[in-house]
Amino acid sequence: MLDQRLLRDNPELISQQLGRRGMALDLTKLQLIAKQERDLQEQRSNLQAEGNRIGKEVGGLIQGGEASNGPAVQGLRDQGNRIKQQVSVLEEEEKELQAKLRDQLAALPNLPSPDAPDGKSEADNVEIKTWGSPRLAASGETLEEHWQIAERLGLFETERSVRIAQSRFVTLMGQGARLERSLINFMLDLHTGKGYREVLPPILVNSASLTGSGQLPKFAEESFRCADDDLWLTPTAEVPVTSLHRDEVIPADQLPLRYVAYSPCFRREAGSYGRDTRGLIRLHQFNKVELYWFCHPDHSREAHQQITADAEAVLEALELPYRKIELCTGDIGFSAARTYDLEVWLPGAGAYREISSCSTCGDFQARRSAIRLKDGKGTQLVHTLNGSGLAVGRTMAALLETGQQADGSIKLPAALVPYFGSDTIGLA
RNA sequence: GGAGAGGUGGCCGAGUGGUUGAAGGCGCAGCACUGGAAAUGCUGUAUAGGGGCAACUUUAUCGAGGGUUCGAAUCCCUCCCUCUCCGCCA
């Protein structure tokens, strides 16, 4: 949510900054609504002040022995009634304007950070660095894609999963299920070892939580909803973790709060028909280990570097080559002000694929969720950051493709052996 | 799911229509006392919005929403949540 004061005082700045995202908006009408709303509020509270004064006068008279049905009291009563009526009219108008303002403001994305590179689309994203050497097929060698490997080694069921649910679901089996579990534990241990607090949140979340982190109202069609309740399947642990501190004032000396949350994530993937239909890349349900920071505004810039580094550390520990790109203003998500994506190399596919997205949201989610910090006398909004550390299914895909051996087995990185119990998958 | 009890400030807790944003206590902060501390004393200590350069001022908020009233934490209605007992259950 953007600041209403900013809308009143400087809508040009908002238009200009959202213009960097490729949006063309004229906010003069919305600004007018905001100003009307403010004027109405002023009128209304002046009237209420008058009403309060009268109420106190009546109380004083009656306590002073005046008859409660005497002429003096009756006159004040009539006056009070008139004010009450006027107030209720103004209140109604004010509520209408407030709702309009809130709805329209809630549909606007965050302003991109000044640090974010300008650009129109994915094509304008900026590569920041690469790590490791992408594995390429040696001469005469054919590298399989992860779904081919998984099928060959019986790591998951795809056809049967359609029977259980529908397409874009998989059932991990045997060593595949074990590998997923190992990865979750490995990632959680890595992050908690750095001081992150582990969270296992509800994965059904209410509308207020989705609104607080920015998924509602604009992206309702992207989440699964439970028809009989005000509950949705969370698309990311970012949602419940943001709401962990919704409507709270956090003492400044407790910041930053750093959480690591494992959760299954559910996405409808509307509009992706035909894309990534095989394997673990794009599913309605997938596992993710999410990093999340609540921090002081003064430190969010460094925090963004740190949370990204913490995600990169997982890839490095798993010896998976990757590149780090910074999203341009045209490609940044709704709630984010600045985003780094980490893309892992998939040798079988011969391409880099997104495996983590690390964003700073500034005060955007904090304003929607009313999360403040208290430093001395006043309060101010905190900054929130999130980063995948990592998407587990895609990590498995990368491990399978990266570790494939001539004999058809998969060599796993040393760091995972204590978790998986073996350095190889698929040797009989 | 059935029956009962209850939701008040960071916490505990008083408050059943009148000047109550809310007694008292705890906690916290400042000051005094002290060589330093403890103890003690004094003062201060909610959030959000509006106006004002500021001092300050004003409105709202006692789970949420509506109603009665000149006036509601207090009365009425609806909803939500928590606790206890019973039932069911991983």
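Below, chain A is the first sequence line, B the second, and so on; all start at residue 1.
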Note to self: Rounding to an integer number of Å, can you tell me how far Asp253(A) CG sits from G10(B) P?
What the structure shows: 16 Å

Check nucleotides 6-8 of chain B against the protein and report each pair of N or O atoms closer than 3.5 Å, with its distance, or say if there are none.
none

Next item on the list: Using the P atom on both, measure G87(B) against C81(B) and round to a whole Å.
Entry: 23 Å

Next item on the list: Could you measure between the two P atoms, the one in G21(B) and the one in G71(B), and give it in whole Å?
Entry: 14 Å

Item checked: Nearest-Å distance for atom pair CG/P, residues Leu97(A) and G49(B) -> 18 Å

Check: Using the P atom in both, what is the distance from C12(B) to G7(B), to the nearest Å?
Finding: 12 Å

Check: According to the Watson-Crick and G-U wobble definitions, with both distances under 3.5 Å, which nucleotide is paired to G35(B)?
Finding: none

Next item on the list: Hey, could you give me the CD/CD1 distance between Glu343(A) and Ile355(A), rounded to the nearest 0.5 Å?
Entry: 10.5 Å

Sequence neighbours excluded and cut-off under 3.5 Å, please list the side-chain donor-acceptor pairs for residues 391-399 of chain A, or say none.
residue, atom, partner, partner atom, Å
Arg394(A), NE, Ile281(A), O, 2.9
Arg394(A), NH1, Glu354(A), O, 2.8
Arg394(A), NH2, Ile281(A), O, 2.9
Thr395(A), OG1, Ala391(A), O, 2.6

Checklist line | Spacing of Leu40(A) atom CG relative to G49(B) atom P, expressed in whole Å | finding: 18 Å

Checklist line | Cation-aromatic face contact Arg258(A)/Tyr196(A), 6.0 Å, 45 degrees | finding: yes

Next item on the list: Could you please name the partner base of G1(B), counting Watson-Crick and G-U wobble pairs only when both distances are under 3.5 Å?
Entry: C86(B)

Item checked: Separation of Thr236(A) OG1 from Ile203(A) CD1 (nearest 0.5 Å) -> 12.0 Å

Note to self: Assess, by modelled atom type and distance only, whether the side chains of Asn110(A) and Ser335(A) contain a donor and an acceptor separated by less than 3.5 Å.
What the structure shows: no

Notebook entry, point to check: What interatomic distance, in whole Å, is found between P of G9(B) and the corresponding atom of A14(B)?
Noted result: 13 Å

Checklist line | Pairing partner of G21(B) (Watson-Crick or G-U wobble, both distances under 3.5 Å) | finding: none

Next item on the list: Give the rounded distance in Å between these two atoms: CD of Glu248(A) and P of G9(B).
Entry: 14 Å

Margin query: Measuring to OP1 and OP2 of U45(B), would you say a side-chain N or O of Lys374(A) lies under 4.0 angstrom away?
Written below: no

Next item on the list: Report yes or no: do Tyr259(A) and Glu290(A) form a side-chain donor-acceptor pair below 3.5 Å?
Entry: no

Check: If you measure from CG on Leu27(A) to CG on Leu6(A), what distance do you get to the nearest 0.5 Å?
Finding: 9.5 Å

Notebook entry, point to check: Whole-Å distance between C81(B) C1' and Asn206(A) CG?
Noted result: 13 Å

Check: With sequence neighbours left out, what residues match Glu50(A) under side chain to side chain donor-acceptor pair (under 3.5 Å)?
Finding: Arg53(A)

Checklist line | Gln98(A) CD - A48(B) C1' separation (whole Å) | finding: 12 Å

Check: Just how far is it from atom CD of Gln98(A) to atom CD1 of Ile33(A), taken to the nearest 0.5 Å?
Finding: 12.0 Å

Next item on the list: Using Watson-Crick or G-U wobble geometry with both distances below 3.5 Å, tell me the partner of C62(B), or none.
Entry: none

Notebook entry, point to check: Mind checking the C1' distance from G63(B) to G51(B)? Whole angstroms is fine.
Noted result: 31 Å

Next item on the list: Would you mind pulling out the nucleotide paired to U69(B), Watson-Crick or G-U wobble, both distances under 3.5 Å?
Entry: none

Margin query: Without decimals, in angstroms, what is the distance between Asp247(A) CG and C81(B) C1'?
Written below: 15 Å

Next item on the list: Give a yes/no on whether any side-chain N or O of Thr379(A) is located under 4.0 angstrom from OP1 or OP2 of U47(B).
Entry: no

Next item on the list: With sequence neighbours excluded, give me every ring pair (Phe, Tyr, Trp, His ring centres under 6.0 Å) pair touching residues 150-181 of chain A.
Entry: Phe169(A)-His284(A)

Output a table of nitrogen or oxygen pairs between the protein and nucleotides 67-70 of chain B separated by less than 3.5 Å.
residue, atom, partner, partner atom, Å
C70(B), OP2, Asn81(A), OD1, 3.1

Next item on the list: Nearest whole angstrom, please: distance from the P of G49(B) to the CG of Leu105(A).
Entry: 14 Å

Next item on the list: Find the partner of U16(B): check Watson-Crick (N1-N3 plus N6-O4 or O6-N4) and G-U wobble (N1-O2, O6-N3) distances, both under 3.5 Å, and reply none if neither fits.
Entry: none

Check: Any side-chain donor paired with an acceptor under 3.5 Å for Gln306(A) and Asp310(A)?
Finding: yes

Checklist line | Base-contact (B) and sugar-phosphate-only (S) positions in nucleotides 50-65 of chain B, heavy-atom cut-off under 4.0 Å, - elsewhere | finding: SS------SSS-----

Next item on the list: Could you let me know what C53(B) is paired to, Watson-Crick or G-U wobble, both distances under 3.5 Å, or none if it's on its own?
Entry: none

Item checked: Interatomic distance at P, A73(B) relative to U20(B), whole Å -> 12 Å

Item checked: Spacing of OG belonging to Ser263(A) relative to NZ belonging to Lys288(A), to within rounding of 0.5 Å -> 6.0 Å

Notebook entry, point to check: Does the pair Tyr340(A) and His304(A) meet the rule for a ring pair (Phe, Tyr, Trp, His ring centres under 6.0 Å), with working shown?
Noted result: CA-CA 9 Å; Tyr340(A) 294 113; His304(A) 189 213; 4.8 Å; yes

Margin query: Pick the closest RNA chain B nucleotide for Leu61(A) and for Arg372(A) by heavy atoms, then say which residue is nearer the 5' end.
Written below: Leu61(A)

Notebook entry, point to check: Who is the Watson-Crick or G-U wobble partner of C81(B), with both distances under 3.5 Å?
Noted result: G6(B)

